[in-house]
Amino acid sequence: MSTDKPIEGELTGAIANYAVVVSRFNSYIVDSLEAGAIDALKRHGVTDANISVFRVPGALEIPLAVKKATASGSFDAVIALGAVIRGSTYHFEIVSNESARCLSDLALKLDMPVINGVLTVDNVEQAIERAGTKAGNKGADAALAAMEMVNLVRELNSRF
């Protein structure tokens with residue numbers, strides 16, 4: 001194998017199916033992440049017919065919905081979107097850590113891109129910044145990562 005050119009995925013999503021699993025908790029933030037993700041997918045050639053949105057109560061429910069949605073074999077990648085905002089209790093750490101761990105475990109178990117677009121922030125201002133203002137839209141970033149990973153996995157599968 002040559003090391004002259006790295007193997008990487010392209011930013012095109014026209015021939016892939018995407019599941020977008022969205023938490024309703026903190027919807028005033030997550031709705032912007034969802035809109036950013038769907039806009040990014042469409043800007044790169046993905047049609048409405050190739051995007052399925054699943055809504056769940058909160059970040060801890062996202063992994064089960066990811067697992068169930070992918071059981072059909074209909075998706076090439078899953079984009080998980082949510083917002084966990086630190087409060088005054090330990091609950092933030094539990095939700096953030098467990099959600100992230102489960103999503104990583106699922107990506108490996110399912111052998112498919114599962115993109116963690118769940119914001120874990122200290123306050124509402126940070127969440128707003130990441131949902132389309134100063135720090136860009138992390139939902140759109142998650143969609144771009146999903147497209148790139150679908151293409152990278154396909155390339156790797158064709159080579160190895």
Side-chain angles (χ1 to χ4, degrees), residues 8-87 91-92 94-107 110 112-154:
E8 58 186 328
E10 296 179 13
L11 280 177
T12 179
I15 308 172
N17 293 310
Y18 297 89
V20 183
V21 180
V22 181
S23 166
R24 287 190 311 265
F25 198 78
N26 290 322
S27 63
Y28 61 98
I29 299 296
V30 181
D31 289 350
S32 294
L33 298 175
E34 178 186 350
I38 291 172
D39 180 63
L41 291 170
K42 288 182 177 181
R43 287 178 185 262
H44 288 84
V46 182
T47 64
D48 285 331
N50 298 96
I51 303 169
S52 297
V53 177
F54 302 89
R55 296 198 196 295
V56 298
L60 284 177
E61 291 75 33
I62 291 172
L64 179 59
V66 168
K67 184 177 177 185
K68 291 295 188 181
T70 59
S72 68
S74 299
F75 301 104
D76 298 292
V78 182
I79 303 163
L81 301 174
V84 184
I85 302 170
R86 186 181 301 277
H91 186 69
F92 170 85
I94 293 170
V95 173
S96 299
N97 293 337
E98 286 303 301
S99 176
R101 182 190 59 78
C102 288
L103 291 172
S104 293
D105 288 351
L106 280 169
L110 298 169
M112 78 167 18
V114 175
I115 307 303
N116 184 351
V118 178
L119 299 180
T120 52
V121 295
D122 289 322
N123 53 54
V124 172
E125 292 76 21
Q126 288 177 349
I128 290 168
E129 286 175 2
R130 288 158 179 76
T133 61
K134 275 197 325 196
N137 186 303
K138 298 307 177 187
D141 291 349
L144 295 175
M147 288 183 282
E148 185 173 345
M149 287 304 297
V150 164
N151 291 310
L152 176 61
V153 167
R154 287 178 177 169

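Worth saying up front: this structure is predicted, and the values here are computed from it rather than measured.
Here salt bridge (charged side-chain N to carboxylate O under 4.0 Å, His left out) pairs that include residues 140-150, with residues two or more places apart or in two chains, are K138-D141. Here salt bridge (charged side-chain N to carboxylate O under 4.0 Å, His left out) pairs that include residues 26-35, with residues two or more places apart or in two chains, are E34-R55. Annotation: salt bridge (charged side-chain N to carboxylate O under 4.0 Å, His left out) contacts involving residues 67-81, sequence neighbours excluded, comprise D76-R154.
Listed by chain and number, the residues in a side-chain contact (heavy atoms from CB on, under 4.5 Å) with P63 are C102, L103, L106 (sequence neighbours excluded). For A77, the side-chain contact (heavy atoms from CB on, under 4.5 Å) criterion is met by Y18, P113, A146, V150, not counting sequence neighbours. Applying the side-chain contact (heavy atoms from CB on, under 4.5 Å) test to A145 and every residue at least two apart in sequence or in another chain returns I115. Partners of D105 by side chain to side chain donor-acceptor pair (under 3.5 Å), not counting sequence neighbours, listed by chain and number: R101. Contacts of E125 classified as salt bridge (charged side-chain N to carboxylate O under 4.0 Å, His left out), with partners at least two apart in sequence or in another chain: none. By the side-chain contact (heavy atoms from CB on, under 4.5 Å) test, A100 is found to be paired with N116, residues two or more places apart in sequence or in another chain being considered. Every residue two or more places apart in sequence or in another chain that forms a side chain to side chain donor-acceptor pair (under 3.5 Å) with S74 is listed here: S72. The salt bridge (charged side-chain N to carboxylate O under 4.0 Å, His left out) search around D39 returns R43, not counting sequence neighbours. Every residue was checked against the side chain to side chain donor-acceptor pair (under 3.5 Å) condition with R24, not counting sequence neighbours, and none meets it.
Contact detail for V56 and A65: the closest heavy-atom pair is CG1-CB, 3.5 Å. Across every non-hydrogen atom of A142 and G117, the tightest pair is CB-CA, 4.2 Å. Among all heavy-atom pairs drawn from A131 and S32, the shortest one is O-CB, 3.2 Å.
How far CG of L33 is from CG of L81: 5.5 Å, rounded to the nearest 0.5 Å.
Of the residues V124, D122, V95, the one that meets the side-chain contact (heavy atoms from CB on, under 4.5 Å) test with I85 is V124.
Counting heavy atoms from C-beta on, the side chains of V118 and S23 never come closer than 4.5 Å. With contacts defined as side-chain heavy-atom distances shorter than 4.5 Å, the pair D48/K42 qualifies. By the 4.5 Å heavy-atom criterion applied to side chains, V84 and F92 are counted as neighbours. Side-chain atoms of V121 and I29, non-hydrogen and from C-beta on, never get closer than 4.5 Å to each other. Between V53 and I38 the shortest side-chain heavy-atom distance falls below 4.5 Å.
Within 6.0 Å of atom CZ in F54, more than 12 heavy atoms from other residues, nucleotides or ligands are found, so the atom counts as buried in its surroundings.
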